[in-house]
Each structure stands twice: as structure tokens, then as C-alpha cells.
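Comments concern the structure below.
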Amino acid sequence: MDKKVITRFAPSPTGFMHVGNLRTGLFAWLWARKNNGVFILRIEDTDKKREVEGSIEHIKESLRWIGMDWDQGPDIGGPHTPYIQSDRLDLYKKYGEKLIEKGLAYADPFTPEQLDVWRKEAEENKKPFLYREHRPENPPVWDGTMPLRFKISEVRKYSWTDIVWGELSAGPEALDDFILIKSDGYPTYNFAHIVDDIEMGVTHVMRGQEFISSTPKYLALYEALGATPPVFATTPPVMGDEGKKKLGKRDGAKDVLEYRDEGYIPEAMMNFLALLGWNPGGEKEVFSRDDLIQMFSLDRIQRSGGQFGDDKLDWLNKEHMKLLPREEIEKNILANLPENMQNPKIVPIVFERISKWSDVHNMVGELQFFFKTPEYDKTKLIFKNTSGEKIKNNLKFAISALEKIDEDKFTSEEVKNILMLIAENLENRGELLHPVRVALSGLDKSPDPFIISEILGKNETLSRLQKAI
């Protein structure tokens, strides 16, 4: 590429960030990293009525957690500082005045009530409401107390290329005079993001399908400002679990940081989000951060929405957990257990049954038997129609054989070899293995009884078998 790739992620601080927002930002980050380019974080906070306190910090924390570092933006600065739009009002005013000088912007003197009257008239006549049909002939001088509107100088068809969607076009009906700066002095999104993209030299813009219909307006504004538009890549929506509706906050989309608090691994979340609407080709699904950067390409972004699903996320998270060093797995599992249960010996059993660290909390109840002799009804020891006498004899054989193992060699493998030798000579192996499982755990279904024996140790294992007898 001739030009250095510069992308941006420009969220609004209107509440928590959900995965749909973050996925679009991730594509922009991956493209910048792939091309050794620049990734900018910009906060678009011009809609002050919708702003939620603490949202800016939340946005930054979400990006940091998943591993999306930025080269320019809040806390870092850069050649185009400040990177929060409400601190850039003078710049938007300067651009607005430039358009006024060119005869391409004017003060809007009409009240909201007057606009409502015209909208109703258009509705009654079954026509679309177009502000340009009511454009004032002699607008007042713009002093900042009235909205500043962009004047569409040429009503025509616009065509453009989108990397994902190919050739797109829209007719004159998509063009209308729109507000650049509101009467409160803040710019609209339609104006501010274009000014900032021009100033910051953004080369590639990734955004959702809802912006396609506004692109002709943006192109007209780029023309008016004498600027070349960036490359557009329209990202597919992230669909909810059932795949019928776009994922949104109103439909239960979770805060990104909730996934962190539930014990998901950031690399797994990045992997999962990248696959929502992007297909690298091939069968492989588990990718590291570096893999994603190396493989990412805009031409493999799909048009159809990527379906969000917790099951897929859980599977990917477990695959990433398996890649962690043993010490890190042990540390995370033990940290999620009560202090009196932090025995490293139970780590493999726990790890086998979880897909994220918070799952460990849900296992505390079923792990109690490792630390306290289980209580159970004696009928649970009976296997099918086997007599109580036979069960007792089988357990006595087991104790007698297990007693011969040295304490330091009391491993799951040794226990298994001895018990299976006895069990193979019975009419049904369950006549021994079932009561042994219940005696050790108090449960019909439990982890492997041979592994339980090793964790409990020789003395406790024999004690529980004796109690069963």
C-alpha cells in the first residue's frame, strides 16, 4: 500500500460496551496491526444528553482487557490531540465557517414546531420530507445560537465502492441538507466524524450496515471540504443467540467486562469476536492474537451477520485455557476455591469440568467430599440386584488388596490396576466399582474413583471403604 494505514475506533460514551461495538473496533485494530499502521481511539461524546458518567473509562478498560492497544488517543495523546470530541469544538466551528464561506452551509432559522408542520404536510401528501425543499432564501448570519446546516449543492446519484459490499449507489432521494452543528454548539455525528477522519488522516473506516444509507451525505460533505474519502468496509451485524435479530443492549447484550469478571480469557474473547463475520478459510478456529493479525484481511469479511453464542465462546475459551502453563491453570482454579479447599491435587478434576474460571464457584458443592467424609443412604451402595452381603465381601477384598500398596505409591494407576483385577472376576464390574465410587464420594456420578483415591490418600480411602462395609 502506498499510504500508511490509519484506522480508528470511535465509540460514544453512552453506557457499557457490548460485543457488537467491540467487534467492529477489533476489525479496525487488526487491519492497522496487520499493515504496521496506526490505530486511533477517539471518543465521540457530542450527544451530551445520552452520555453516561464513567463510560469513557469503561471503554478504555474494555479495550485494554481484550488486548486492543491504541497508538493515538486518550491517555496517550498524539499529533491530533485532543481525542475527545467535546474538547475539539473550535475545530468543528472552523470547518463550519469554511463551508459558510463556500456557500455550502447556512444558519437554520426555523423552529422545531415549523419543521413538524412541514413533516406532517409531507406525510399527508405521501412524500418524503426533504428539508432542502424549505431551504431559507436569505438565511441569517450564523452566530452559533441556531443550528448550522450543510447545503447539498448538487442533487445527484452517488456511487462508491465498499470493500465488503462492492459497488453501491444511491439516488437523489438520499440527499438532504443536514445539521452540522447544533444550537448547543456541539457538532452532529455526521459532521464531527468526517472532520476528525480528515484531520487524523484516517485511510480505512469500518462501521455497521446502518450507515450505508447515510454514505451519500458523507460523500457530498467530503467533496465540499475538498477531501478524498477513506476506504469503506461495512461490517456485518452481530446477531443474537437465535440468529434472527441484531444483538443489542435492549435484547440482553452483556457488558464486555462482565465476560472478564466471569473468568473468560481475553485471547479467547478476541478469537471469538474476530470470527463473528470474518472467515479466515480452512477448518482451524483457535487463533492466537498474532495469528489473527497475520491472517486478517478485509476481503474475507462476510456480508451475513455473525451469530453470537455462549456455547461457541465457552468452547473457544476452554481451548485457550488448555494452552496456558500448568502453573497458571492451578493458580486460577485455586484462587476461585474457598481457602479450606485449595488443594492442588483436585486441580485436574476441576479443570476437566470447567470452561471459564467462574465455573469453579459452581463446583464447590460437588467437591466437598474431598474434604469431608460424605453422608449417604446405605442403599446407594447396592448395585442393581446385588445382595448387601456380596457388596460387603467385595469391599473387604478391595481393602485387603489396597492395604498392600505402600503409602507413597498409592496412585490412581496402582489403585485402578488392583481394583480392576478384582472387578474382572465378578459377574459385573459394577458390583465393586459402584460401591467404591459411592463410598469415596457419596455420589452415583463423580470423578474417576481411582483419581479420588489418590487425592484422598491411602488412609482416608481405606477408612471410607471400611465405613461403607
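Note: hydrogens, waters and symmetry copies are ignored here, and every other heavy atom, side chains too, is used.
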Fill in: Aromatic ring pairing F150/F178, orientation class (parallel under 30°, perpendicular over 60°, tilted between)
tilted
Item to complete: Take the angle between the ring planes of F16 and H18 and call it parallel below 30°, perpendicular above 60°, tilted in between.
Response: perpendicular
Item to complete: Answer yes if the ring centres of W118 and F110 are under 6.0 angstrom apart, and no otherwise.
Response: yes
Worksheet item: Centres of the F129 and H134 rings: under 6.0 Å?
Response: yes
Worksheet item: Does R23 use its side chain to pair, donor to acceptor, with the backbone of L276 at less than 3.5 Å?
Response: yes
Worksheet item: Can you check whether L257 reaches R260 side chain to side chain, under 4.5 Å on heavy atoms?
Response: yes
Item to complete: For residues V5 and N36, determine if any side-chain heavy atom of one lies less than 4.5 Å from a side-chain heavy atom of the other.
Response: no
Worksheet entry | Sidechain-backbone polar pair: K4 side chain, T203 backbone, donor-acceptor under 3.5 Å | no
Worksheet item: Quick one: does W160's side chain get under 4.5 Å of F232's, heavy atoms only?
Response: yes
Item to complete: Verify, without hydrogens or angle tests, whether D291 (side chain) and S288 (backbone) share a donor-acceptor contact under 3.5 angstrom.
Response: yes
Item to complete: I would like to know whether T145 and D143 meet side-chain hydrogen bond (donor to acceptor under 3.5 Å, both in side chains); could you show each step before the answer?
Response: CA-CA 6 Å; T145 62; D143 60 2; 2.6 Å; yes
Discussion item. With heavy-atom distances below 4.5 Å as the criterion, would you say the side chains of S12 and R50 are in contact?
Written reply: no
Fill in: Short side-chain to backbone donor-acceptor contact, E454 and T411, under 3.5 Å
no
Worksheet item: Is there a side-chain contact between D197 and R42 (heavy atoms, below 4.5 Å)?
Response: yes
Item to complete: Say whether, by atom type as modelled, one donor and one acceptor occur between the side chain of D359 and the main chain of S355 under 3.5 angstrom.
Response: yes
Worksheet item: Is K98 positioned over the aromatic face of Y95, cation under 6.0 angstrom from the ring centre and no more than 45 degrees off axis?
Response: yes
Discussion item. Taking K94 first and then E97, would you say they form a salt bridge - that is, a charged N and a carboxylate O separated by under 4.0 Å?
Written reply: no
Worksheet item: Is there a donor-acceptor contact under 3.5 Å from the side chain of R88 to the main chain of P82?
Response: yes
Response to the item:
Those residues at least two apart in sequence (or on a different chain) that pass side-chain hydrogen bond (donor to acceptor under 3.5 Å, both in side chains) with E413 are none
Worksheet entry | Name of the residue among T7, D71, D290 meeting side-chain hydrogen bond (donor to acceptor under 3.5 Å, both in side chains) with R33 | D71
Fill in: Short side-chain to backbone donor-acceptor contact, R156 and G171, under 3.5 Å
no
Worksheet item: Are the ring centres of Y264 and F272 closer than 6.0 Å?
Response: no
Worksheet entry | Any side-chain heavy-atom pair of P325 and E328 under 4.5 Å | yes
Worksheet item: Within 45° of the six-membered ring axis of Y131 and under 6.0 Å from that ring's centre, is NZ or CZ of R135 located there?
Response: no
Worksheet item: Does any N or O in the side chain of S169 come within less than 3.5 Å of the main-chain N or O of S159, such that one atom is a donor and the other an acceptor?
Response: no
Worksheet entry | From CA spacing to verdict: side-chain contact (heavy atoms from CB on, under 4.5 Å), W142, D108 | CA-CA 8 Å; W142 183 62; D108 174 358; over 6 Å; no
Discussion item. Under 3.5 Å, is there a donor on one side chain and an acceptor on the other for D196 and Y83?
Written reply: no
Worksheet, complete the sentence: Sequence neighbours excluded, the answer for side-chain hydrogen bond (donor to acceptor under 3.5 Å, both in side chains) partners of N317 is none
Worksheet item: Which class fits the ring pair Y218 and Y189: parallel under 30°, tilted 30 to 60°, perpendicular over 60°?
Response: perpendicular
Item to complete: Go through the steps for V205 and H193 under the test side-chain contact (heavy atoms from CB on, under 4.5 Å), then give the verdict.
Response: CA-CA 11 Å; V205 169; H193 88 269; 6.0 Å; no
Discussion item. Looking at R300 and F296, would you say the former's side chain and the latter's main chain have a donor-acceptor pair under 3.5 Å?
Written reply: no
Worksheet item: Does one side chain, of D299 or S297, offer a donor that lies under 3.5 Å from an acceptor on the other?
Response: yes
Discussion item. Looking at V52, is its backbone amide N or carbonyl O close enough to the side chain of S55 to form a donor-acceptor pair, meaning the two atoms are under 3.5 Å apart?
Written reply: yes
